[in-house]
Amino acid sequence: MPVWDPQQYSRYASERNRPFFELVARIPVEDPARVADLGCGDGSLTATLADRWPGAAIEGIDSSAEMLDQAPQRPGLSFSVGNINGWRAEKPFDVLVSNAALQWVDGHLELLPHLLDQVSAGGYLAFQVPGNFDAPSHEILAEIRRSPKWRAKLGDSAVRLGSHDPAVYLDKLAQAGCTVDCWETTYLQVLPGPDPVLEWVKGTALRPVLSLLDAAETAEFIDEYGAALRIAYPRRDYGTVFPFRRVFAVARKSS
C-alpha cells in the first residue's frame, strides 16, 4: 500500500467523491444496524454514511494512520487501522462499503468471498474501483518506470494496481450466491490549472513511485512524466479533459 498524503489526495475531492455517492445511492437498505467503510481514507466520506443511516453504528477502517488522523469525530462513528487483506469483522456488518481501495490489493477478486463472510445474511457488499489502468496516465507511468533510466531504481514492483471489468465482478459475486448489480461509468472530468493530470496522479498512482525516490530523483521523474502527460492530455481553453472510468458493484448476500 502507498504512503498517503491526505492534502494531495483531497486536492480534487469533489471529482474523487462523486463515484462514492453514486455507489451508496444504489444500496437499497433503509435502516442497517452496522455499516463498515473498508479503506475509508480520511473518513470524510464515512461521515456521510452517518447522514444516510443515522441509526447505524458506522466503522471506518484504513491502513494509513496519517489518513485516519484527519478523520472526523462524531457520535456513531469509529475508526481503526487495518489492512484489507487481513481484516476480519468482530461480527458481521449489514452493509460493507469499499470505495477506491480494492485496486491496491493484489488478487482482490479472490478476496471477495472473504469480504462477503463479513456481511450478515441479506446484507450488502458494495464497492467501486478505477477502471482506467489502460489509460495514458497509467500506460505512460509504466513505460517510464520500465525504461533503462529508471528500471534499476523502480522496477516493476513500484506500482501494484489493477481492477476487472464489471462482468468479471458480477460472475464472481453471483457464483457466491449474491444478487448483483454491476455497472461502469466514464466521467469526462474537466480539470483546471496547469498540469492537472499530474497533480491528480500525485495523490494516487504516483504515490508508490515517489516513495522510492529521493528529492532530486523525484523532481527529475516528475519533469519527465509531466511532459508526457501534457502531450497525452492537452490543455484546452476551458481546462484539461481527463476521462475517468469507474467500475461499480452492489451485491446482496443470500439470506
Side-chain angles (χ1 to χ4, degrees), residues 13-62 71-72 74-80 82 84 87-105 108-109 111-131 163-187 244-255:
S14 62
E15 291 89 351
R16 294 192 193 280
N17 294 350
R18 183 178 175 186
F20 175 87
F21 293 118
E22 295 190 7
L23 173 71
V24 172
R26 298 273 281 267
I27 305 174
V29 178
E30 294 297 326
D31 190 25
R34 286 170 47 80
V35 176
D37 184 3
L38 190 57
C40 66
D42 66 3
S44 58
L45 291 175
T46 314
T48 69
L49 298 177
D51 299 326
R52 166 76 185 270
W53 296 302
I58 296 172
E59 181 178 351
I61 304 99
D62 199 86
R74 56 184 283 188
L77 282 180
S78 63
F79 295 92
S80 60
I84 293 175
W87 176 76
R88 185 176 296 276
E90 292 184 4
K91 62 178 182 178
F93 286 89
D94 301 308
V95 177
L96 175 55
V97 176
S98 185
N99 179 61
L102 292 181
Q103 76 274 7
W104 292 104
V105 180
H108 68 264
L109 189 67
L111 186 66
L112 294 182
H114 167 73
L115 295 182
L116 286 169
D117 287 341
Q118 316 312 310
V119 176
S120 59
Y124 285 84
L125 169 64
F127 62 88
Q128 67 93 5
V129 291
S163 66
H164 303 278
D165 288 339
V168 176
Y169 291 119
L170 187 151
D171 183 68
K172 187 70 174 182
L173 294 165
Q175 292 286 349
C178 296
T179 302
V180 189
D181 179 16
C182 282
W183 71 99
E184 65 176 81
T185 298
T186 298
Y187 303 93
F244 197 45
R245 178 176 177 251
R246 312 297 290 192
V247 176
F248 302 77
V250 176
R252 183 181 186 272
K253 186 175 178 178
S254 59
S255 300

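Checking side-chain atoms of W53 against main-chain N and O of V29 turns up a donor-acceptor pair under 3.5 Å. The backbone N or O of Q103 sits nowhere less than 3.5 Å from a side-chain atom of S163 that would complete a donor-acceptor pair. At least one donor-acceptor pair closer than 3.5 Å links the side chain of R52 to the backbone N or O of V24. Side-chain N or O atoms of H114 include one that pairs as donor or acceptor with a backbone N or O of W87 at under 3.5 Å.
When every heavy atom of K172 is checked against every heavy atom of L109, the shortest pair comes out as CE-O, 3.5 Å. Nearest heavy atom pair, residue P32 against residue A56, reads O-CB, 3.2 Å. Smallest separation of non-hydrogen atoms from D94 and A33: OD2-N, 2.8 Å. Of all heavy-atom pairs spanning F79 and G43, the tightest one is CE2-CA, 3.7 Å. Closest of all the heavy-atom pairs between D62 and C40 is OD1-N, 3.2 Å. Closest heavy-atom contact between Q118 and A89: OE1-N, 2.9 Å.
Atoms CZ and CD, from R26 and Q128 in turn, are 12.5 Å apart once rounded to the nearest 0.5 Å. Once rounded to the nearest 0.5 Å, the distance linking CD of E22 with CZ of F248 reads 5.5 Å. The structure places CG of L49 at 9.5 Å from CG of N99, a figure rounded to the nearest 0.5 Å. Rounded to the nearest 0.5 angstrom, K253 NZ and C178 SG are separated by 8.0 Å. Here the straight-line distance linking atom OG of S120 with atom CG of L96 works out to 10.0 Å at 0.5 Å rounding.
Side chains of R246 and Y187 form a contact here, defined as non-hydrogen atoms less than 4.5 Å apart. Using a 4.5 Å cut-off on side-chain heavy atoms (C-beta onward), F93 and L115 make no contact. In this structure, L45 and V97 have side chains that are not in contact, with every pair of non-hydrogen atoms separated by 4.5 Å or more.
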From CA spacing to verdict: side chain to side chain contact (heavy atoms under 4.5 Å, CB included), L38, F127: CA-CA 9 Å; L38 190 57; F127 62 88; over 6 Å; no
Test log, rule side chain to side chain contact (heavy atoms under 4.5 Å, CB included), inputs L116 and L173: CA-CA 9 Å; L116 286 169; L173 294 165; 4.1 Å; yes
Stepwise side chain to side chain contact (heavy atoms under 4.5 Å, CB included) check, T48 with N17: CA-CA 11 Å; T48 69; N17 294 350; over 6 Å; no
Full working for side chain to side chain contact (heavy atoms under 4.5 Å, CB included) between Y124 and D181: CA-CA 11 Å; Y124 285 84; D181 179 16; over 6 Å; no
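With sequence neighbours left out, the side-chain contact (heavy atoms from CB on, under 4.5 Å) criterion links R245 to D165, P166, E184, T186, V247. In this view, S44 and D42 satisfy the side-chain contact (heavy atoms from CB on, under 4.5 Å) rule, not counting sequence neighbours.
By the 30° and 60° cut-offs, the orientation of the rings of H164 relative to Y169 is perpendicular.
Applying the side chain to side chain donor-acceptor pair (under 3.5 Å) rule to pairs touching residues 27-38 yields D37-T46, sequence neighbours excluded.
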